[in-house]
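One structure below.
Remember, it's a predicted structure, so these values are computed and weren't measured experimentally. Below, each value reflects all heavy atoms present in this structure, side chains not excepted, and no hydrogens, waters or symmetry copies. Here, residue 1 is the first one in the sequence, and each next residue gets the next number. Numbering of ligands and ligand atoms starts at 1, following listing order.
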Amino acid sequence: MSRKPFHSSLDFVAPAKRNLPKFAFDFIEGGSGDEKAVRHNVESFENLKLIPHLRSKLGDTSLNSRILGLDYAAPFGVAPLGLCGLINPKADSILAKVAAKYNVPYVISAASNQSIETIVKAAGVPPWFQLYIPNVKAQLSNLLKKAEANACPVLVVTVDTPVPGRRLRDLKNGLKLPYKLNYANVVEAMKHPLWTVDRLLAGKIIFPNFDDAVSDNPNLTFRDLVAMQTGGDLNWLVIEKIREIWKAKLVLKGVLSPADAVHAQKLGVDAVIISNHGGRQLNAAPAPINMAPIFLDAGLKKDFLMLDSGIRSGEDIISSLARGASFSFMGRAFLYALAANGEKGVENLFDIIIDELSVNLKLLGLDCPADVSAKNSFGG
Ligand SMILES: Cc1cc2nc3c(=O)[nH]c(=O)nc-3n(C[C@H](O)[C@H](O)[C@H](O)COP(=O)(O)O)c2cc1C
């Protein structure tokens, strides 16, 4: 593990690749099909321009941000990341703990490998709770009860996953749970003894948020599990039902159609995350950053709009604000940091993003994140 701090989120990628067996690195990095959506997400941020203004006030800038009635120290959070026990056995609680330390939201994936109770204990605050629509109805109500019992302030329903995307790297690597290691994966595990010892000491990867029948079934492959967790009837009726049952804030993640967002708003949904799942689902999906202005044109307010997919820097977060999303999430960047340098790596990444946000706000002559769109900083 490297001891020196890094200065950009991209610096973590090469050490993450070195530290992880190929099948684990590919699980983070990969997308669906030929991965054009993954590339397009990142490239779409490249040519965005921001216009600086002369500042009208004296004094400090602040990154404080309010979303869904909740106050945070910055306008971004940690996206839900399932199966990250493959990267580090304590991945979920490390990410939750560091997010809490920096006072930004952490979204626990229903497919986390540590229980929500363990995560709440590590972080000291309840996470936002993400769920797919499982094909067993009882699972859905059990997950909702679990989220409510743990005082999760926001439920995030992922709507871009009626089935798991075709992730070719995972298919080629034979990524399966429980491990049925093929020859190539055994060689990879041997080439990464630190990862392997850590993983062996932690025991088998489990999915503690799901019922025992699911998490303890030794014959279930990862693909089976994902298929069970995502195989439910994903339609507006189920969203209406969830809205009736779930009393706290409700968010739909993976919305790319402004018409869907308008419909969600009519049903009482509190916000949407414009997302293509980091290019892991529909490979032909547009980059969310390019869609955000179209959501505004459809009459939606920026408070209703959050965004993820392709964000790798504080500057990208400011570009998202400039294009109309009031809050952003990052996924892969946190996992690269974790794989590169554990908890310290994640803290290092938070420091980088916060510094990038702060420096760029000052360079733009703005007082706070809300000013990015209020002062019209988007430069095409
Ligand atoms: C390894 C990995 C696991 C993920 N697991 C989930 C999940 O369980 N639920 C979900 O809604 N999205 C999941 N996502 C998608 C992220 O929440 C997020 O939408 C995406 O990572 C954003 O793109 P970015 O990685 O370019 O930042 C996952 C993404 C990655 C990379």
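Using cut-offs of 30° and 60° for the angle between ring planes, the Tyr132 and His277 rings count as parallel. In this pair, Phe334 and Phe350 present their aromatic rings tilted. The plane angle is within the 30 to 60° band.
Near ligand 1, residues Phe27, Ile28, Ala79, Pro80, Leu81, Gly82, Ser109, Gln130, Tyr132, Thr158, Lys253, Ser275, His277, Gly278, Arg280, Asp308, Ser309, Gly310, Arg312, Met330, Gly331, Arg332, Leu335 come within 4.0 angstrom through at least one heavy atom.
Residues satisfying the salt bridge (Lys or Arg N to Asp or Glu O under 4.0 Å) test with Lys121, not counting sequence neighbours, are none. Legend: residues meeting side-chain hydrogen bond (donor to acceptor under 3.5 Å, both in side chains) with Glu29, ordered by chain and number and at least two apart, are Tyr336. When the side-chain hydrogen bond (donor to acceptor under 3.5 Å, both in side chains) test is applied to Lys101, the partners found at least two apart in sequence or on another chain are Glu347.
In this structure, a donor-acceptor pair under 3.5 Å is present between the side chains of Asp34 and Asn283.
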